[in-house]
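Computed from a predicted structure; not experimentally measured. When a ligand or atom number is given, it counts from 1 through the structure's own listing order.
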Amino acid sequence: MTRYAKPTTIDEALALLGEDRWRILAGGTDFYPAQGAKPFRDNILDINGLAELRGIEETSEHWRIGARTTWTDIVRHPLPAAFDALKAAAREVGSVQIQNVASVAGNLCNASPAADGVPALIVLDADVELRSARASRHMPLGEFILGNRRTALQPAEMVTAIRVPKRCAVGTSAFVKLGARRYLVISIAMAAARLVVENGVIADAAIAVGSCSAVARRLAGVEAALRGQPTKAALVDAVLSAPIDELSPIADVRGSAEYRQDAAREIVVRAVRAALGQHDDKVAA
Ligand SMILES: Cc1cc2nc3c(=O)[nH]c(=O)nc-3n(C[C@H](O)[C@H](O)[C@H](O)COP(=O)(O)OP(=O)(O)OC[C@H]3O[C@@H](n4cnc5c(N)ncnc54)[C@H](O)[C@@H]3O)c2cc1C
């Protein structure tokens, strides 16, 4: 017989995870569509009673986002400008109704290549806090997501938080999503850019693209091409001529591989310019 449990403390949840196999239920916005009309055969661990897992906290070293924190919580919480890309991504996850219940950790654990939260968190060098009854560990987000619908989560573990190191929560950032329509749409490609500008020069750049590889990727060649560029320089040229070896887009109903590859470069340009407060109408066609 399948079990259903709704613990009210993390310790209780971790003890349950240690004694049986469970599917974790958070906002349910990926969980229920994946389940469809099939009968439930797995035990369900409903984490919606874990108040401790919701909210954003500032510690001496990190910004700590509880696993159950919703996209609406992200939008509403005052955060440094480096989080603007994450806030913009939050506003792009489905509709407002979805954003009100869907959690950040659910987006990461579902491990869809089209998860909008991933590029915006990767440019912040976020890591994932994993806890079991026996241990606690942290993994860089880029290592936690292993592939399409695959993560490094172990059976007795759950994600309890996402942490952003404060040293990376600097600069300005932007997120650009490309979909077949403007609203309530799965990404064809999306880009996040975080830039640190000192004396009119780009001192540091973090750029990531999603939906163009099994896991969203940082673009090292574009980041290198941007570092040291004056913000008034032809940044479009720097992005357009930089090597992008990290992407391996597939063709599907939403677009061809070639279209995705070209579109990715264009939305990176737009994200970079938006992070610098420059407007799209100045972007070369
Ligand atoms: C209509 C609609 C539109 C959508 N549009 C978008 C979109 O535009 N962009 C986008 O990125 N996503 C979109 N989504 C997907 C979804 O809303 C997000 O991925 C959301 O963040 C998932 O969070 P959740 O809390 O609902 O996760 P759930 O559905 O509860 O769980 C998702 C997965 O994560 C696991 N899980 C959840 N929390 C934990 C935890 N703490 N530890 C370990 N495992 C955990 C669950 O077991 C499950 O496998 C959409 C969904 C719907 C229904």
Side-chain angles (χ1 to χ4, degrees), residues 4-7 10 13-14 16-17 21-36 40 42-55 64-75 85-86 88-122 128-132 136-137 139 141 144-146 148-163 175-190 192 208 210-211 215-216 254:
Y4 169 86
K6 190 173 180 183
I10 295 179
L14 297 179
L16 287 163
L17 282 170
R21 284 190 83 99
W22 300 85
R23 270 177 78 200
I24 293 175
L25 171 66
T29 61
D30 281 316
F31 180 102
Y32 287 115
Q35 183 67 29
F40 286 103
D42 304 307
N43 299 322
I44 297 171
L45 187 71
D46 183 342
I47 61 169
N48 289 291
L50 302 179
E52 302 160 80
L53 287 189
R54 187 164 175 187
R64 191 172 181 285
I65 302 169
R68 282 190 54 233
T69 303
T70 66
W71 294 112
T72 299
D73 295 336
I74 296 279
V75 169
L86 185 64
R91 289 189 193 93
E92 300 276 2
V93 176
S95 59
V96 169
Q97 292 90 335
I98 296 288
Q99 293 156 24
N100 285 343
V101 295
S103 64
V104 179
N107 193 245
L108 310 184
C109 293
N110 189 55
S112 161
D116 284 317
V118 179
L121 283 165
I122 285 186
V128 177
E129 181 182 284
L130 297 157
R131 282 183 62 186
S132 69
S136 173
R137 62 186 180 126
M139 283 186 93
L141 176 55
F144 173 70
I145 304 177
L146 300 175
N148 186 9
R149 314 285 174 186
R150 289 193 303 120
T151 70
L153 187 78
Q154 295 299 305
E157 283 181 324
M158 66 186 291
V159 173
T160 45
I162 296 98
R163 304 186 313 173
F175 174 84
V176 175
K177 170 166 172 168
L178 173 70
R181 57 177 183 265
R182 181 62 198 89
Y183 188 65
L184 227 179
V185 69
I186 294 176
S187 291
I188 296 170
M190 64 285 206
S211 258
V215 183
R254 284 183 276 281

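Counting heavy atoms only, Asn107 comes closest to atom 12 (N) of ligand 1 of the residues Asp116, Val159, Asn107.
Scanning the protein heavy atoms around atom 50 (C) of ligand 1, the nearest turns out to be Ile98 CG2, 4.4 Å. Looking only at protein heavy atoms, the nearest one to atom 37 (C) of ligand 1 is Gly106 CA, 3.6 Å. Nearest to atom 16 (C) of ligand 1 among the protein's heavy atoms is Thr29 OG1, 3.1 Å. Among all non-hydrogen protein atoms, the one lying nearest atom 3 (C) of ligand 1 is Gly94 CA, 3.7 Å. The protein heavy atom nearest to atom 13 (C) of ligand 1 is Val93 CG1, 3.8 Å. Looking only at heavy atoms of the protein, atom 48 (C) of ligand 1 is closest to Ile24 O, 4.1 Å. Nearest protein heavy-atom contact of atom 21 (O) of ligand 1 is Ser103 O, 2.8 Å. At the shortest separation from atom 35 (C) of ligand 1 among protein heavy atoms lies Cys109 CB, 3.6 Å.
Counting heavy atoms under 4.0 Å from ligand 1, residue Arg68 does not touch it at all. With a 4.0 Å cut-off on non-hydrogen atoms, Trp71 touches ligand 1 through its side chain and not its backbone.
Inclusion of Gly28 in the set of residues having an N or O under 3.5 Å from an N or O of ligand 1 is warranted. Ligand 1 has a nitrogen or oxygen under 3.5 angstrom from a nitrogen or oxygen of Asp30. Note: no N/O pair closer than 3.5 Å links Leu153 and ligand 1 by distance alone. By the 3.5 Å distance cut-off applied to N or O atoms, Glu92 is counted among the residues near ligand 1.
Annotation for ligand 1: atoms under 4.0 Å from non-hydrogen atoms of Val185 are 8 (O). Listed by number with element, the atoms of ligand 1 under 4.0 angstrom from any heavy atom of Lys177 are 7 (C), 8 (O). For ligand 1 and Ala115, the ligand atoms under 4.0 Å from any heavy atom of the residue are 11 (O). Within ligand 1, the atoms closer than 4.0 Å to a non-hydrogen atom of Ile47 are 41 (N), numbered from 1 in the order shown. Close approach of ligand 1 to Gly27 (heavy-atom distance below 4.0 Å) involves ligand atoms 24 (P), 25 (O), 26 (O), 30 (O). Within the listing of ligand 1, atoms 41 (N) sit less than 4.0 angstrom from a heavy atom of Ala67. Near Ala114, with a cut-off below 4.0 Å to any heavy atom, the atoms of ligand 1 are 11 (O).
The shortest distance between side-chain heavy atoms of Ile74 and Leu86 falls below 4.5 Å. Side-chain contact between Cys109 and Val159: present, with at least one pair of heavy atoms (C-beta onward) separated by less than 4.5 Å. The closest side-chain heavy-atom distance from Leu45 to Arg23 is not below 4.5 Å. Residues Phe144 and Leu153 meet the side-chain proximity criterion, which asks for heavy atoms closer than 4.5 Å.
No side-chain donor-acceptor contact under 3.5 Å links Glu157 and Ser132. Side chains of Ser112 and Asn148: no donor on one and acceptor on the other come within 3.5 Å. Residues Tyr4 and Asn43 have side chains that never bring a donor and an acceptor to within less than 3.5 angstrom of each other.
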_Applying side chain to side chain contact (heavy atoms under 4.5 Å, CB included) to Ile44 and Trp22, what does each step give before you reach the verdict?_
CA-CA 5 Å; Ile44 297 171; Trp22 300 85; 5.6 Å; no
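Between Glu129 and Arg64 there is a salt bridge, with a side-chain nitrogen of the basic residue lying less than 4.0 Å from a carboxylate oxygen of the acidic one. For Asp42 and Arg21, the salt-bridge test fails: no basic side-chain N is under 4.0 Å from an acidic carboxylate O.
Not one N or O on the side chain of Glu92 forms a donor-acceptor pair closer than 3.5 Å with the backbone of Lys177. Judged by distance alone, with hydrogens and angles left aside, the side-chain atoms of Asn48 form a donor-acceptor pair with the main-chain N or O of Ala26 at under 3.5 Å. With Ser187 contributing its side chain and Leu178 its backbone, the two residues share no donor-acceptor pair below 3.5 Å. Between the side chain of Thr72 and the backbone N or O of Gln99 there is at least one donor-acceptor pair closer than 3.5 Å.
There is a protein heavy atom less than 4.0 angstrom from atom 9 (N) of ligand 1.
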